[in-house]
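Everything on this sheet refers to the single structure shown next.
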2 protein chains.
Amino acid sequence: MSDEKLKEKAIIEAARNRFAHFGFSKVTMDEIAGDVEMGKASLYYYFPTKEDLFRSVVLEEQSEFVKNIEEILGRHASASEKLNEYVAQRLKYFRDLVNLGMLSVHSIFDIKSIFKKLFEDLGKQELILLKKIFDEGINSGEFTKELPGDFPKIFLHILQGLRFRVIKLFNEHKANEETYKELESEMKIATQYLIKGIKCN
Amino acid sequence: MSDEKLKEKAIIEAARNRFAHFGFSKVTMDEIAGDVEMGKASLYYYFPTKEDLFRSVVLEEQSEFVKNIEEILGRHASASEKLNEYVAQRLKYFRDLVNLGMLSVHSIFDIKSIFKKLFEDLGKQELILLKKIFDEGINSGEFTKELPGDFPKIFLHILQGLRFRVIKLFNEHKANEETYKELESEMKIATQYLIKGIKCN
DNA sequence: ATTCGACTATTTTACTTGAATGGTCGAAAA
DNA sequence: TTTTCGACCATTCAAGTAAAATAGTCGAAT
């Protein structure tokens with residue numbers, strides 16, 4: 001890897017740690033620069049803006065998540081199993097986002113949010129991945145052929161929706177390990193019965 | 001109905017109209033008083049605080065919603081049909097809340113929100129109603145006996161979660177008639193397949 | 001028992017100002 | 001040429017403040 005790329009990585013890593021602890025707005029470029037023992041101005045040699053740096057951090061997490069899912073897709077397993085695994089992985093990724101301070105009310109709902117486009121892109125990617133799983137299930141005869149075309153979307157919305165409850169608690173500073181366990185359980189059960197509902201038998 | 005009760009009703013009605021248009025904070029007691037041709041101080045004869053007046057408005061809507069559901073529960077119908085009807089009624093009620101300006105980000109998430117307790121109470125009531133439907137389904141042999149005890153809660157969370165997407169769009173001023181139709185469709189389909197999944201056959 | 005004008009206390013808003021911070025630039029170093 | 005950074009600028013943000021708006025009170029009038 002080139003020297004330039006290595007330094008980029010180091011900056012991203014330092015930024016990631018800071019952002020994970022304090023969230024986007026509470027981290028200054030000076031602090032990140034200090035972590036990698038550079039002047040602030042030097043960061044701007046690698047990243048045009050602070051937002052851009054943050055985007056790079058998130059994008060790395062995202063691509064790792066997507067890679068994980070694609071690995072799951074490649075396995076020799078039933079569509080149901082893949083779906084269950086998908087839900088589990090998604091929850092894990094979600095927790096990373098929480099750590100990145102990306103899931104505060106304001107970051108999610110604020111129109112001007114710099115995260116909005118990122119989320120939209122991820123949603124599109126997820127939809128594609130889910131569609132693959134469902135198509136596979138239909139083609140193999142595991143799922144009913146009558147499944148509506150927008151079922152993947154609905155499934156995704158259900159997952160996103162369940163998540164919101166945790167975000168809400170999180171913003172009331174009431175979220176703890178317990179809450180996540182509960183969410184995990186809810187997602188699993190919901191998935192389980194949805195799968196039962198769409199199976200052919 | 002007593003004279004006093006009638007005036008209370010009139011005040012609640014005037015308040016409802018104002019709140020529906022402008023939301024809680026953008027309505028002054030003077031305006032409401034003007035609508036019913038009274039002095040502001042007179043309102044305080046009937047309602048101790050502005051919040052209390054608002055609570056009365058919401059409580060009326062809520063009790064109407066619950067009454068609707070209870071009517072549905074009393075019908076001679078399968079648990080599945082009742083569940084479907086429940087979802088439909090819930091969406092209708094939800095739209096009323098939107099009109100009352102109760103579903104902005106701030107009113108939902110703000111810890112200090114005066115609506116919080118109201119929502120919590122409603123949630124508890126809904127849970128009881130849903131439990132009845134599911135128990136009925138299990139006892140009649142329509143639903144599987146293996147249904148987890150917290151399935152009603154999960155079902156409610158799914159409905160609540162799906163709603164969030166619309167709230168989000170609503171806060172971005174992007175919600176329109178179309179969006180609601182979409183939400184209705186999503187809820188119906190999700191309910192349909194969840195029912196399939198929990199049925200005995 | 002009910003109404004309301006006049007009053008108070010509190011909250012909200014609009015504005016100011018100084019500090020913090022994102023971002024720029026040209027010179028220096030490697 | 002590529003990379004670094006000190007010094008600088010422009011913008012944003014926080015804290016404070018004064019004025020306006022508004023929730024809520026009270027005693028007199030009906």
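Here is the naming used below: chain letters follow the sequence lines, and residue numbers restart at 1 for every chain.
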Take atom [atom1] of [X] and atom [atom2] of [N], then tell me their distance rounded to the nearest Å.
{"X": "A:Y44", "N": "D:dA10", "atom1": "OH", "atom2": "C1'", "answer": "13 Å"}
{"X": "B:D30", "N": "C:dG5", "atom1": "CG", "atom2": "P", "answer": "11 Å"}
{"X": "A:E37", "N": "D:dG6", "atom1": "CD", "atom2": "P", "answer": "13 Å"}
{"X": "B:K50", "N": "D:dG24", "atom1": "NZ", "atom2": "P", "answer": "8 Å"}
{"X": "B:L43", "N": "D:dC26", "atom1": "CG", "atom2": "P", "answer": "17 Å"}
{"X": "B:L53", "N": "D:dT22", "atom1": "CG", "atom2": "P", "answer": "16 Å"}
{"X": "A:Y45", "N": "C:dA29", "atom1": "OH", "atom2": "C1'", "answer": "14 Å"}
{"X": "A:K26", "N": "C:dA20", "atom1": "NZ", "atom2": "C1'", "answer": "11 Å"}

Counting heavy atoms from C-beta on, name the nucleotide in D:dT25, D:dT4, D:dA23 closest to the side chain of B:A41.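 Given the options D:dT25, D:dT4, D:dA23, the side chain of B:A41 is closest to D:dT25.
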
Among D:dT4, C:dT3, D:dC26, the one nearest B:S42 by side-chain distance: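 When the side chain of B:S42 is considered, C:dT3 is the closest of D:dT4, C:dT3, D:dC26.
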
A:R55 and A:K117, any side-chain heavy atoms less than 4.5 Å apart: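 No. Closest side-chain heavy atoms not under 4.5 Å.
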
Less than 4.0 angstrom from a charged side-chain N to a carboxylate O is my criterion; do B:K9 and B:E13 meet it?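 Salt bridge: no.
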
Pairwise distance CZ(A:F22) to CD(A:E31) - rounded to 0.5 angstrom: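 A:F22 CZ to A:E31 CD: 7.0 Å, rounded to 0.5 Å.
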
Looking at B:F24, is B:K50 sitting on its ring face, NZ or CZ under 6.0 Å from the six-membered ring centre and within 45 degrees of the normal?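 The answer is yes; both the distance and angle limits are met.
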
If you assign B:K40 and A:S25 each to the DNA chain C nucleotide with the nearest heavy atom, which residue ends up on the more 5' nucleotide?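 It is B:K40 whose nearest nucleotide is closer to the 5' end.
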
Taking any heavy-atom pair under 4.0 Å as a contact, classify B:F47: base, sugar-phosphate, or nothing.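 Nothing, no heavy atom under 4.0 Å.
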
